Amino acid sequence: MDFEFSGKVKDLQGRLQAFMEEYIYPNERRFHDEIARDRWSPARVVEELKPKARAAGLWNLFLPNDEHGAGLTNLEYAPLCESMGRSAMAPEVFNCAAPDAGNMEVLARYGTQEQKARWLKPLLAGEIRSCFAMTEPAVASSDATNIEASIIRNGYEYVINGRKWWSSGAGDPRCKIAIFMGKTDPSAAPHEQQSMVLVPMNAPGVKIVRLLTVFGYDHAPHGHGEITFENVRVPVSNLLLGEGRGFEIAQGRLGPGRIHHCMRCIGVAERALETMCKRVQSRVAFGKPLAEQGTIRADIARSRIEIDQARLLTLAAAHKMDTAGNKAARAEISMIKVAAPNAALQVLDRAIQAHGGAGVSQDTFLAEAWAHVRTLRLADGPDEVHLETVAKLELARFSKPPARPASH
């Protein structure tokens, strides 16, 4: 595998890093201050920077087709996504934030022309936002066949009922559309019961019951919604791809979505290590700089090793997705989905420890970043599910073929 990036990618890297230095890092304090003053309104600074990012050609970089995005492969997008992951505000500025990125990929890949015109176009322009309504509080949603929400056809409409939660992005007033997963045929084969349908957030019967917190953080104005859908009616034309094809769409969406999370995790970990190194060189304890303490030096070394391991595994997974397809790369995707968040958490924890009391306060990005990355051990499949996938595929490599009956 050749991980040398093309001239096109290196140019984008340079321009993206320059944009981060000029516009993102200097405005992070303003970003948090604006949200603190008006928690559930979009930060003005983000809206001001979006046109600048678009004018700089740093817009919708995640989309692999030239029609709507930058035409990058997963491998080419990796270093750009990593850079954006260094700042909580950056992905939205470049219109590459979750869950919109995944939802735009779904619409671009599976949507009808009517659906694209109504929902994809304003999402691509950064004019609206979206959420993904799949996880349910009443069942173990790590097994998506457990989903109980219903999508029942009634003439030219579908009637939708269910309770969802962890619909990230639902708290944003710009969130106009949800991709809803529910059962259209409970009697079908387990993976053919579910479908996905587009539900406008202002449809009668859609109610945000509450916005959940993550270790006390509400992630305003994004938010993580618990939403009830009571006899919500949408046109049959809002169905995505076809009845019973929800799992097919989910698998198409989750491959890139999962690896994007991993790419951003590496950016978080890199920034945490940089922050740690600067801190320990400027602080003195017990008569010498922290950077001269053996335990600190070991933590720095372990962090560098773990970050580089995670990055290489991410690039290998991206390469296989590009060359063999998402299905063939499912082991690599599962491996990195476990490895990257866990590596980032280790690095963040060491950086927090090196900062002492400041590390758990709002004075650094570390505490909130740890809370966010910790959720990724659950989101898009918990560690246990991905470990099972890797183990199953690994065991299959060494399973013995069934013995043939003796011939007579």
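Quick note: residue numbers are just sequence positions, from 1. This is a predicted model, so every value here is computed, not measured.
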How many angstroms lie between atom CG of Leu120 and atom CG of Leu63, to the nearest 0.5 angstrom? 7.5 Å
Atom CZ of Arg304 with >12 non-hydrogen neighbours under 6.0 angstrom: yes
Give the C-alpha distance, both sets of side-chain angles, the deciding distance and a yes or no for side-chain contact (heavy atoms from CB on, under 4.5 Å) between Asp299 and Met276. CA-CA 10 Å; Asp299 282 348; Met276 179 183 180; 3.6 Å; yes
Measure across Ala133 and Ser167 and return the closest heavy-atom pair with its distance rounded to 0.1 Å. CA-OG, 3.6 Å
Lys/Arg-Asp/Glu bridge criterion (N-O < 4.0 Å) met for Lys52, Glu22: no
Would Lys392 and Glu388 pass as an ion pair if we require N to O under 4.0 Å? no
State the CG-CG distance between Asp33 and Asn27, to the nearest 0.5 angstrom. 11.0 Å
Going by an N to O cut-off under 4.0 Å, is there a salt bridge joining Lys10 and Glu4? yes
Residues Asp218 and Thr213: side-chain donor-acceptor under 3.5 angstrom: no
So do the side chains of Leu72 and Leu80 get within less than 4.5 Å of each other, counting heavy atoms only? yes
Steps toward side-chain contact (heavy atoms from CB on, under 4.5 Å) verdict (Val360, Trp370): CA-CA 10 Å; Val360 296; Trp370 187 96; over 6 Å; no
Hey, does the side chain of Lys337 reach the backbone of Leu376 with a donor-acceptor pair shorter than 3.5 angstrom? yes
Please identify which of these residues, Leu211, Asp172, Ile35, meets the side-chain contact (heavy atoms from CB on, under 4.5 Å) condition with Trp40. Leu211
Check whether the side chains of Glu28 and Ser87 place a donor and an acceptor atom closer than 3.5 Å, and report yes or no. yes
Side-chain heavy-atom pair Arg163, Glu226 within 4.5 angstrom cut-off: yes
Looking at Ile152, is its backbone amide N or carbonyl O close enough to the side chain of Ser150 to form a donor-acceptor pair, meaning the two atoms are under 3.5 Å apart? no
Does Arg271 use its side chain to pair, donor to acceptor, with the backbone of Arg86 at less than 3.5 Å? yes
Side-chain donor or acceptor of Glu332 paired with backbone N/O of Lys320 under 3.5 Å: no
Which heavy atom of Leu16 sits nearest a heavy atom of Ser83, and at what distance? CD2-CB, 3.8 Å
Could you tell me whether a side-chain N or O of Arg297 sits under 3.5 Å from a main-chain N or O of Ala291, the two making a donor and an acceptor? yes
Is the count of non-hydrogen atoms from other residues, nucleotides or ligands lying under 6.0 Å from Arg39 atom CZ greater than 12? yes
Could you measure the distance from the CD1 atom of Ile249 to the CZ atom of Phe247? Nearest 0.5 Å is fine. 12.0 Å
Within the distance-only criterion (no hydrogens, no angle test), does the side chain of Glu82 pair as donor or acceptor with the backbone N or O of Gly267 below 3.5 angstrom? no
Does a side-chain heavy-atom distance below 4.5 Å link Thr314 with Ile259? yes
Minimum side-chain heavy-atom gap Ile147-Met134 below 4.5 Å: yes
Is there side-chain contact between His355 and Asp363, with at least one heavy-atom pair below 4.5 Å? no
For Arg258 and Asp380, work out which heavy atoms get closest and say how close. NE-O, 2.9 Å
Closest contact, heavy atoms only, Gly155 versus Arg153: O-NE, 2.9 Å
Checking side-chain contact (heavy atoms from CB on, under 4.5 Å) for the pair Trp166/Val214: CA distance, chi angles, key distance, verdict? CA-CA 10 Å; Trp166 296 110; Val214 178; 3.8 Å; yes
For residues 229-240, please give each side-chain donor-acceptor pair under 3.5 Å, one per line with the distance, not counting sequence neighbours.
unit_1: Asn231; atom_1: OD1; unit_2: Asn161; atom_2: ND2; d: 3.2
unit_1: Arg233; atom_1: NH1; unit_2: Glu157; atom_2: OE1; d: 3.0
unit_1: Asn238; atom_1: ND2; unit_2: Leu198; atom_2: O; d: 2.8

Okay, side chain of Ser141, backbone of Glu136: is any donor-acceptor separation there less than 3.5 Å? yes
Of His224, His219, His222, which meets side-chain hydrogen bond (donor to acceptor under 3.5 Å, both in side chains) against Ser168? His224
Checking side-chain contact (heavy atoms from CB on, under 4.5 Å) for the pair Val390/Val338: CA distance, chi angles, key distance, verdict? CA-CA 10 Å; Val390 176; Val338 174; over 6 Å; no
Please lay out, stage by stage, how Tyr77 and His260 fare under the test ring pair (Phe, Tyr, Trp, His ring centres under 6.0 Å). CA-CA 9 Å; Tyr77 181 57; His260 293 173; 5.0 Å; yes
Using atom types as modelled and distance alone, determine if a side-chain donor or acceptor of Gln115 lies under 3.5 Å from a backbone N or O of Thr112. yes
Let me confirm one number: the SG-CD1 distance from Cys175 to Ile128, rounded to the nearest 0.5 Å. 8.5 Å
Residues Ala178 and Met201: closest non-hydrogen pair is CB-SD, 3.8 Å
Assess, by modelled atom type and distance only, whether the side chains of Glu243 and Tyr158 contain a donor and an acceptor separated by less than 3.5 Å. yes
Considering only heavy atoms from C-beta outward, does the side chain of His32 approach that of Gln362 to under 4.5 Å? no
Are the side chains of Ile24 and Met89 in touch, meaning some heavy atoms are under 4.5 Å apart? yes
Side-chain touch Asn103/Trp119, heavy atoms, less than 4.5 angstrom: no
On a heavy-atom basis, the closest approach of Thr389 and Arg330 is CG2-O, 4.4 Å
Ignoring hydrogens and geometry, is there a side-chain-to-backbone donor-acceptor pair from His319 to Leu315 under 3.5 Å? no
Check ion pair Glu76-Lys8 (N to O, under 4.0 angstrom): no
Nearest-0.5 Å distance, OG of residue Ser142 to CG of residue Leu378: 9.5 Å
Say you draw a straight line from OG1 of Thr135 to CE of Met181; how long is it, rounded to the nearest 0.5 Å? 10.0 Å
Is the shortest side-chain N to carboxylate O distance from Lys50 to Glu92 below 4.0 Å? yes
Assess whether atom CZ of Arg15 is packed by more than 12 heavy atoms of other residues, nucleotides or ligands within 6.0 Å. yes
Side chain Glu34, main chain Arg44, donor-acceptor under 3.5 Å: yes
